[in-house]
Amino acid sequence: MQLSTIAWITLVIPLIAAALILLVTRANKPLAAGLAILSVLIAFIGSWFIFWHGVNADYLGFDWINLGKTFSIPFSLLIDPLSRTMFVVVTTVALLVFIYSIGYMRDEEGYSRYFAGLALFLFSMLGIVLANNLVMMYIFWELVGVSSYILIGHFYTKDSAADAAKQAFIVNRVGDFGFLLGILLFWISTGTFLISPLNSSAGLFVEHPGLLALACVLIFCGTVGKSSQFPLHVWLPNSMEGPTPVSSLLHAATMVAAGVFLLARIFPILSTSPQACEIVAWIGAISATGAGFIAIQQDDIKRILAYSTISQLGYMVAAAGLAVSAALPMFHLFTHAFFKCLLFLTAGSVIVGMHHEQNIWKMGGLMKKMPFTFLAYCCGMLALSGCPFFSGHYSKDLIMACSWEHHRAIFWVLVIGAALTPFYMTRQALVVFFGKPRSEHSEKAHESPWVMVVPMLLLAVPAVCAGYPVVKNFFFKDIGSLAEPEIPPYVDQVFLAAFLLGILGAFAIYRNVAKDPLRIPFFAQRFYLDDLYDWIVRVIQGGFARICSFVDRWFIDGILVRGSATLVWSIGFALRFLQLGNIQAYAFFFGAGVIGLIYLILNVR
Amino acid sequence: MLLASYWFFSTLTIAFGATAILLRNPVSCAMSLAVCFISLAALFISLDATLIGIMQILVYAGAVMVLFLFIIMLLDLRMEKSRRLNFGATLGGGLVIAAFLSMLTKVILSDPEFAKPLPPLAASAPDNVRMIGMTLFHSYALPFEAIGVLLLSATVGVIVLSRRTLR
Amino acid sequence: MPTLANYLLASGILFAIGLGGVMLRRSIIIIFMGLEIMLNAANLSLIAFSRYGLVDGHQIFDAQVLVFFIITVAAAEVAVGLAIIVSLYRARQTTHVEDIDTLKF
Amino acid sequence: MNTIFLEFAVVGLGIVLLLAEAFVDRTNKDYLAYLGSAGLFVILLLSFLPIQGPAPGSSDAAFITSDILSVFFTRFLLITTIIVLLMAPGFKPVLARYLPAEREGAGVGEFTILPLFVCAGLMWMVSSIDFIMIFVALELATITLYVLSTYLRQNNASLEAGTKFLILGALSTGFFVYGITWIFGVTGTTNITALPHAISLLPESSILPLLLGIALILVSLSFKIGAFPFQFWVPDVYQGAPTPVSAYLSVASKAAGFVVLLRLLLALETVPVVAHKLYAVITLLAGVTLIFGNLAAIPQTNLKRLLGYSSVAHAGYLLMGVASLGSLMAIPAIGLYFAAYLAMTLLSFVVLMVVAEATGGDEISRFNGLSQRSPLLAGAMLLAMASLAGIPFTAGFVGKFMIFEVALKQGHFGLVAIGCVTVAAGFYYYFKVARAMYWQQPTEETAIPVSMTVRILIAVLGAGILAIGIYPGPILAALR
Amino acid sequence: MSPLLLLILLPLAASLLIMVGANPRRTALGAALLNLVLSVLLFARYDLHAGGWQFVSEWHVLPNLGINLSLGADGLSLTMLLLSTLVTFSALWIAPRIEKREGLYYICLLFISAGVIGAFSTLDVFFLYSFHELALIPTFILIGVWGSGDRQAAAWKATIYLGAASFVLLVGLIALYLSLPSGIRTFDLRQLDQLAAAGTFHPASWIYLLLLVGFGTLVSLFPFHSWAPPAYACAPTPAAMLHSGVLKKFGLYGLIRICLPLFPEAMQQFSLLLVLMLIGNILYIGYVTVAQKRLDWTIGYSSVMHMGYIFLGLASLTVIGVHGAALLMFAHGLSVAAAFALCGEIRRRTGTLDYSELGGIGKVTPVLGLLFGFAAMASVGLPGFANFAGEILVFFGATFSSIYGPAMILAVIVGVWGVVVSAIYMLRAYRSVFWGPIAARWETLTDITPTAKWSVILLLVPLMIAGFYPQFILNMVGTIIPR
């Protein structure tokens, strides 16, 4: 079998699974799950196979749209080092999450729907990864959006879930607004939206650096939406309303990673525009730190992780903005995929153990009751915090080093973020797993079934060692340089100090407390951004809509349409009163008419 | 002579025409109308239209006016009830009449042809009755036949309309 | 010698009087008389035209024939008209225009 | 065959039927209607034989012509009369109610026969080229129509309608005669075809009196066709007169008026000084007539009266065509419009007559739920209304299409703009009838019986509407 | 017999049969099915390589006026015919049981269908216009008799508005006809195109404005749109489907057929005007839609809004944009018909479409919810549905022509933002109706019937096929471009 065939099969098989589940096996739960897992397994094998072969190719599929010479949108797969690496990451994480889901979703409603959604999600993500042009990417980008909509809204009878799904979709669309405009702008300026030619088209923009920056920033809008960067980050925490495996998939290898992947995809052209890079870097840095601050005051176990995701994505985006190498953000994405997935799976395990209690202040002392979960959690948490010898440390350290090298201000902002991460993760660990049980549920908590535990433990391995140089070289050697820049030694020490400061600070504050000693409403209320957006949507947009509606109803329909109809009607109503019914009146009108007619005929022109 | 008769009869015609529509008693109106028509006939005759003048007296002053009077009597129409004068209508009607007359005058005075004196008739002026008869039955045979149909149709109509009960 | 204009003016005034009768009187009979006056005014004009517009010194008899037709038609019209008025009177006991304005607007 | 034969055949038919009515002792007078229409049908067939005008030089040749206009409208009038005669049997119950009859069927015979004389008069009118002949023919038709309008002499509405028609009609006759007088006085002729030559000989100063004459003629023709501001009799008379008479008035007598107008204009076309004034005035008349007819129809609640206003409105569209006479297609367009108008107006009057008899009134509300009581009647009425409003595939649409075409061709943009507004108004008031028939619930559920004659009438007229609407070619060809 | 004539006559014959007493539903469905099969066959039999007008036949009506009943189809007409027969069949199939005057109901629907089929298969502008008007009275009756809500007002408004607009259109068409030199005046599209292609025919640009207003009103171009939402909201389901899905496309079809080839200069000259109007459609109507509080009104307004995209494709005057517009016509026809079909199903079950009263019914009507989700996502422009392919082409086309002026750039930006707006109202609609906690009184609702389910699927399947592989439509549409 040819590689191209394998690649196509790998891409399409989840879609087929999704369709089959939807059409055929709605009633049969095991079959639905089996189909989904089978498809992801095939995809997993296929992706590794392709990765192993290490080919670089552009597999021409077919012209999705072909208008002759003038215009065509091809559907082709671009296999290059970047997509190969991303390919395996996605399928691997997905495989584990799919398996884990069997256990997690066992007693939930909409079992088949859930697996169909997952398969569709996987299909969409693979499409983004393999797309050879931006339009195709946009197509799958949208599909990712809708799959996330389906999955976040899985418990649609809950108002909060329904709202969160809607919000996620719409906020993503706002980002896509920019993305699509960016594609169009690139197309009109360079005549192409194929990734490879586009990346080498920098020469066309020599005269118009502003145009290039604008196009890049517009594309970046897509990332802001999908990767949940400031100011479009609000949907991600709310998306925790979905089932936890979904969150895990969303936050690790799919959806949010897509944004960063997009940046890596257009990195060659992006990096030629300093202005665009500056904006990208700052958005990333602001998100990294801002989300960290918010995370330290959250009480929901999954929301804390969600904000940490935003924060980590901020690192990746900032890394892309440093314009060093496409590998830099990808490396952090790679390590983050494993440990964040792991963290969500453990959180899911905790939630199942806690009978769907998610408030960390109702937990406590779970270490003994859920030992495996705790073990896996520790791996993830330390990796996320940037603890040396854990994967997160390597990737984050590299980003810090590069930012020191290329952009000192960004570095200092990221350092603050680096201190916040261990702080809130330690807080979470202390509150959830240590101390005494603080509720009935936490007293009765139990370890999860094996089908959930095994994926966690399997994931713990890459979470620990994904950052090691061997792994790094294996996966990233072709993508771009990941060499440590020449930096003074104290930079590393600052980074390490931030880590320690975070951990120790958390220990100092959160050891053996029953409720949160810190009260910072500004952080707890997420900088009031959600309220601000709520206000904008409700008052500004709603007001505008109401004004439009009012104008439509009373001016256009009322005055212009019904008004003119009424006018005609009234004229008719008035005219008919000429018809007095009295012969003399008629004779008079007749006479007057005669006078008028004679006058006209005698005098006209 | 002709001028005098013109002034006399035309004044008479107009005066009685006016009284015919101004008087309140229908019978007086009808009588004025009869006088009006007779003086009109005189005008006709003074214009050498003898036959028409005679017909005018026979048909109009005779038959038609009798019919009018007959109906007025039959319906026992008395003085028109002195209803409130509709000032607006009167004013409007007056204005229309005034405008009509002014335009008519303007038209009549505009054409010098109308100011020419009475041309003399040819010496061998043919017999009026004979000529009308010739014209009517020779040139105007078709309209004449049509008028016959008209009279037939009108007769049927009048019968249908005025019989007390239809058979 | 009276000119053609004299006759035309007289006829015009007569016509206007007839029109005035139609427009101003309320009794249908009188209105009808006004209509007859109008027709007669036209006749006067016709006769005048016939007398003044000589062809080879002969009157134009076409005009007189037309007058003949007009008189005949007028007679028929009066007959039918009066029959209608009689019917109206029988049904409504009125010949006043103001009483017959139920069909309107 | 000589064209005069046709008119005399109609008159003869009328006389024969009068005699039959007098001497045949039958209470059911329906046979008169059938005989009359059969006779007219034969005459209609005869009209398709080769027809010549009167021999040149004969005395009739001065009065009568047999050009395509006259032939077309002669047939038009014959068809109209046939249909109106066939309506008469359906109208019997109303006659019986409002006539002081000694025995059953009294007065029905004359009601059936008089239209024949009207028909003859109108036929003479459409083929005459002399004002005197026109006058006589017009009076023959009009005076008989006075009688027919007043026919229900125990019905106040009919009497009122007749009286109004009489007074205003006579008034218009007065103006007509006065107009002929002036034209004759100035030009020395009453012959329309001789007019252009006579005018060309006139001195400049005589134009004013001539124009006065033409204006007066125009007044009375406007009255005949129901153009604003001489339309006042139309709604009242249509509403009050017996339904077949209203139908006849609205189709036949209007058509005859238009033919005379057309003849006058066609003759004067070669006289620019008069023609352009006439066109300007007719354009204006068309505009105000369109506005009045359509807009004043909007608030109407009585269908018969509404049809009166609609007749004024259609006079407006026709005047649009007349104002565009400069275009070669104008006369075919007007003819087509009339053919359409015949079918749709007569169809609506036929249905109206049946429904009014069954429900006891001719308000639009009487049509409520008609589609449930008689789908046939409702469908026919819907078709008629659609055609009147100008929906494609009906005759009314091609009529309007052609009229708008010639009007645009002649650059009457103002008229066309008014036309668009008034068409919209037309949609409203015609669809009011459709609404009553289809949306509303009937007050009673019983089916309305429809006689075979009426069924045939509906079928023929409906087929006519559709046929003209889909394939108007022959009619256009007949007038080119 | 010409297959196209058969296509037109079948519904008319069926309605005749119903008039004389055949079983209304079965007869109508039979005719519609035959039509569907026939149009699919025609679609498949069309010779793409030859292109141009095929299946041509002609009957003389007024030859010396240049009016002939000539039938023929190219790729675009066949696409629209396919759309028409699909929606007709689906609409007839999904029609609920009618207690009284069932015959009239189906006759009206069949007339609308015959009208649109005729309009899309004629080569003569006169008949193009005429066939379209065939729907006016049936719509009037359908809305007035079987509608819901304030149906009478809606029916009045739509009828008068469309009637008036179509006369404006007629005047424009006549003016176009008259602007041909006399002697070669014709209504034949083929000859008009030839004349335009030869460059000898330059009609005045005010005629274009008349046509734009006329066609535009039929398509509910802002600000001539206010008839559409109430009419759709109040119409009975099949009528709303046919009207919004198919009939409305007539105006666009006319613009593509007549204005694009004959008025290139005028379209250029008034492009700013058109762009402003379509921005009104997208942005302004988009936000009006956001403010709606009922499902039927939301869909009604959304259908008005989406017309803006099609106009954008036309206004771009590029090959890409016109392809996009044509594809979008097809796609929108199917998706909005499906949306109205499901909307009707919901109304039939709940008796209300008010967001404040509904909620959570997806729990008891999962299939209905799923199908509506598909329809909603199609309307939102999700990839996988033809709507997306159309929109993206429109955007590319508009972007291409944006080099000519800032107005087009604005139009592109607004257009892309409109995608966000449509997501806002459509997801809100979906969330308000199907998601959230379910009220007790809806617990007993039954799910969609198999009939309704399959008739909606019949619409959604071609929509998705065209979404996955739009080329099969685009190839057909491409046959109008060779000029």
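Not measured: the values here are computed from a predicted model. Below, read A as the first sequence line, B as the second, and so on, with proteins coming before strands; counting in each chain starts at 1.
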Under 3.5 Å donor-acceptor pairs involving side-chain atoms of residues 148-162 of chain B, not counting sequence neighbours:
residue	atom	partner	partner atom	Å
B:Ser153	OG	D:Thr144	OG1	2.7
B:Thr155	OG1	B:Leu151	O	2.4
B:Ser162	OG	B:Val158	O	2.5

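Heavy-atom neighbours of chain C within the stretch residues 107-115 of chain B, taken at a separation under 4.5 angstrom, comprise B:Ile108, B:Phe114, B:Ala115.
Here the closest non-hydrogen pair linking B:Gly93 and C:Met23 is O-CE, 3.7 Å. When all heavy atoms are compared, the tightest approach of B:Val59 to C:Ala75 is CG1-CB, 4.3 Å. Of all heavy-atom pairs spanning C:Met33 and B:Ile72, the tightest one is CE-CD1, 3.9 Å.
For the pair C:Val65 and B:Phe144, the minimum side-chain heavy-atom distance is 4.5 Å or more. Residues C:Leu14 and B:Cys36 meet the side-chain proximity criterion, which asks for heavy atoms closer than 4.5 Å. In this structure, C:Leu39 and B:Tyr60 have side chains that are in contact, with non-hydrogen atoms separated by less than 4.5 Å. The closest side-chain heavy-atom distance from B:Phe70 to C:Leu82 is not below 4.5 Å. Side-chain contact check for B:Gln56 versus C:Ile71: some heavy-atom pair is nearer than 4.5 Å.
Applying the side chain to side chain donor-acceptor pair (under 3.5 Å) rule to pairs touching residues 67-84 of chain C yields nothing, sequence neighbours excluded. Applying the salt bridge (Lys or Arg N to Asp or Glu O under 4.0 Å) test to every pair with at least one member in residues 43-53 of chain B, sequence neighbours left out, gives these pairs: B:Asp48-C:Arg51.
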Does the pair C:Phe68 and B:Tyr140 meet the rule for a ring-ring contact (aromatic ring centres under 6.0 Å, His included), with working shown? CA-CA 11 Å; C:Phe68 174 83; B:Tyr140 286 81; over 10 Å; no
Under the side-chain contact (heavy atoms from CB on, under 4.5 Å) criterion, do C:Glu36 and B:Phe37 qualify, and how do the steps go? CA-CA 10 Å; C:Glu36 294 308 314; B:Phe37 285 167; 4.0 Å; yes
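Checking side-chain atoms of C:Tyr89 against main-chain N and O of B:Leu75 turns up a donor-acceptor pair under 3.5 Å.
Ranked by heavy-atom pairs under 4.5 Å with chain B, the list C:Ile37, C:Asp62, C:Val22 is led by C:Asp62. Contact count against chain C (heavy-atom pairs under 4.5 Å) is highest for B:Leu40 among B:Leu40, B:Leu22, B:Val64. When each of B:Leu104, B:Thr135, B:Ile14 is scored by its heavy-atom pairs under 4.5 Å with chain C, the top score falls to B:Ile14. Between chain C and the options B:Leu51, B:Ile97, B:Leu74, B:Thr11, heavy-atom pairs under 4.5 Å are most frequent for B:Ile97.
How far CG of C:Leu44 is from OG1 of B:Thr13: 7.5 Å, rounded to the nearest 0.5 Å. A distance of 10.5 Å separates CG in B:Leu43 from CD1 in C:Ile47, rounded to the nearest 0.5 Å. In this structure, CG in C:Leu19 is found 6.5 Å from CZ in B:Phe100, a value given to the nearest 0.5 Å.
Of the atoms belonging to C:Ala63, not a single heavy atom falls under 4.5 Å from chain B.
By the neighbour-count criterion of 12 heavy atoms within 6.0 Å, atom CE of B:Met31 is sparsely surrounded, having that number or fewer from other residues, nucleotides or ligands.
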